[in-house]
> 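I have a structure here, written as structure tokens, and I will follow up with some questions on it.
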There are 2 protein chains.
Amino acid sequence: MAKDDHAGVDVAEFIATVGLRHAYRLSYLTSAIVTAGYDAVKRETGLIRGEYLLLLCLSHQKISTAQDVARMTRRPRNTISRAVHRMLDEGYIDRAPDPSDGRQSKLTITAKGRAMQTRIEQILSEREEEVVAPLSADDHASLDAILQKLVRHAASLKD
Amino acid sequence: MAKDDHAGVDVAEFIATVGLRHAYRLSYLTSAIVTAGYDAVKRETGLIRGEYLLLLCLSHQKISTAQDVARMTRRPRNTISRAVHRMLDEGYIDRAPDPSDGRQSKLTITAKGRAMQTRIEQILSEREEEVVAPLSADDHASLDAILQKLVRHAASLKD
DNA sequence: GGCACATTGTTCCAAATGGAACAAGAATCT
DNA sequence: AGATTCTTGTTCCATTTGGAACAATGTGCC
């Protein structure tokens with residue numbers, strides 16, 4: 001009868017009253033988009049988060065080290081390290097020791113990896129579009145500008 | 001020398017070129033704010049995510065069931081179930097069987113729990129303010145409006 | 001050069017996480 | 001009323017996760 005199928009709670013109303021500026025809403029939305037997409041990717045491709053993040057990074061950044069990926073994704077290095085091994089085994093990426101720095105290796109995505117990454121972005125995009133459907137073109141532009149500003153700043157913070 | 005302390009990657013530039021509308025930026029920011037705050041909370045209070053989310057929900061919603069909390073936080077029921085037990089043990093919440101529905105129990109936050117929740121919101125707020133510092137008042141208003149719109153819509157999607 | 005310190009990638013391990021199955025109660029249908 | 005289906009909260013278990021310690025290499029400083 002009510003417009004809301006769910007039982008008792010009005011999620012939106014709760015979220016409007018939380019004593020934090022944007023954190024809770026951001027977190028909720030990220031769950032709604034990313035976590036849901038993440039589950040879909042795992043179901044359809046078997047890849048888990050660290051793995052497709054790795055592919056995503058390598059597809060847009062021609063060459064990176066594992067550490068770079070860790071920074072770009074804000075995930076701990078050991079997570080990325082594991083992902084690198086699995087993606088090497090699957091033939092999605094290549095690795096070559098860096099001659100100028102013996103500690104690190106340069107990672108590149110293979111053609112097979114790029115195909116997989118395209119498929120993954122497709123899956124994530126579908127879910128995202130579903131969630132952001134109610135935004136106007138102006139909204140999209142504003143959101144984009146604000147998020148870019150925030151990301152730029154957040155990336156400069158230590159930790 | 002460069003304005004960026006880090007080694008090679010320009011995170012912001014990468015994030016600007018990802019082939020997804022907002023998903024990656026949202027995810028990155030949520031990490032920067034929430035995950036960092038989450039670590040701080042764990043360090044300072046010993047509470048983990050499911051647990052402080054539970055307190056957060058109960059502090060703003062006078063009475064809820066575990067299922068309500070699961071929906072408000074987009075976390076699986078078993079996570080919340082565990083959190084309920086631990087918070088009961090700590091005396092942060094109370095639980096009373098619902099006479100009108102034998103399956104569920106009504107949860108309420110105690111005074112002790114409310115004190116803890118205040119402290120947690122403080123910690124999370126600090127980190128959030130640090131990240132959103134570069135936003136103007138207009139930005140805040142826009143972001144707020146957009147996020148509310150999105151949350152409302154996301155909450156209505158199944159899954 | 002040598003010595004302290006930082007960085008990269010890795011392994012280990014304890015903890016958190018979430019899917020699946022379950023029991024008990026409620027709702028629906030005939 | 002009984003049968004079927006749904007919902008709530010829980011336990012079980014396998015997987016994911018990330019902190020800490022580590023070896024190997026690089027950097028800065030005297």
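Convention: sequence-line order gives letters A, B, ...; per-chain numbering from 1. Computation of the quantities below employed the complete heavy-atom set of this structure, encompassing side-chain atoms and omitting hydrogens, waters and symmetry-equivalent molecules.
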> Which pair of non-hydrogen atoms, one from B:Arg75 and one from A:Ser31, has the smallest distance, and what is that distance?
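It is NH2-OG, 4.1 Å.
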> So does A:Val69 get a backbone contact from the side chain of A:Ser64, meaning a donor-acceptor N/O pair under 3.5 Å?
no
> May I have the distance from B:Arg103 (atom CZ) to D:dT8 (atom P), rounded to whole angstrom?
6 Å
> Between B:Tyr38 and D:dT17, is there a side-chain N or O to OP1/OP2 distance below 4.0 Å?
no
> Ignoring hydrogens and geometry beyond distance, is a side-chain donor-acceptor pair present between A:Ser136 and A:Asp139 at under 3.5 Å?
yes
> How many Å lie between NZ on A:Lys42 and P on C:dG19, as a whole number?
7 Å
> Return the set of residues passing side-chain hydrogen bond (donor to acceptor under 3.5 Å, both in side chains) with B:Gln122 (not counting sequence neighbours), or none when no residue passes.
B:Glu126
> Distance check needed: D:dT8 P versus B:Lys106 NZ, whole Å only.
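The distance from NZ of B:Lys106 to P of D:dT8 comes to 11 Å, rounded to the nearest Å.
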> Axis-to-axis angle across the helix from C:dG1-D:dC30 to C:dT30-D:dA1, five pairs an end, to 10 degrees?
40°
> What closest approach, in Å, do B:Ile146 and A:Leu135 show between heavy atoms, and which atom pair accounts for it?
CG2-CD2, 3.9 Å
> For D:dT10, take OP1 and OP2 only and decide whether either is under 4.0 Å from a side-chain N or O of B:Arg95.
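Yes, B:Arg95 has a side-chain N/O under 4.0 Å of OP1/OP2 on D:dT10.
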> Rounding to a whole Å, what distance do you find between B:Asp98:CG and D:dT7:C1'?
13 Å
> Can you tell me how far P of D:dT25 sits from CD of A:Gln104, to the nearest Å?
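So the CD-P distance, A:Gln104 to D:dT25, works out to 13 Å.
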> Using residues 38-48 of chain B as the side-chain source, report each donor-acceptor pair under 3.5 Å to any protein atom, sequence neighbours left out, with the distance given to one decimal.
| from | atom 1 | to | atom 2 | distance (Å) |
| --- | --- | --- | --- | --- |
| B:Thr45 | OG1 | B:Val41 | O | 2.7 |
| B:Thr45 | OG1 | B:Leu47 | N | 3.1 |

> Under the rule for side-chain contact (heavy atoms from CB on, under 4.5 Å), what residues qualify as partners of A:Thr108, not counting sequence neighbours?
A:Ile63, A:Asp94
> Return the value, rounded to whole Å, for the distance between atom CG of B:Asp101 and atom P of C:dT28.
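It works out to 12 Å between those atoms.
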> Quick one: B:Arg75 CZ to C:dG18 C1', roughly how many Å, whole number?
11 Å
> Where along residues 76-90 of chain B does a heavy atom come under 4.0 Å from DNA chain C, residue by residue in number order?
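The answer is B:Pro76, B:Asn78, B:Thr79, B:Arg82.
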> Grab the CZ-P distance between B:Arg43 and C:dA16 for me, whole Å please.
15 Å
> Is there a side-chain contact between B:Val131 and A:Leu157 (heavy atoms, below 4.5 Å)?
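With C-beta onward as the side chain, the pair touches.
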> With a cut-off of 3.5 Å and sequence neighbours excluded, list every side-chain donor-acceptor pair involving residues 76-85 of chain A.
none

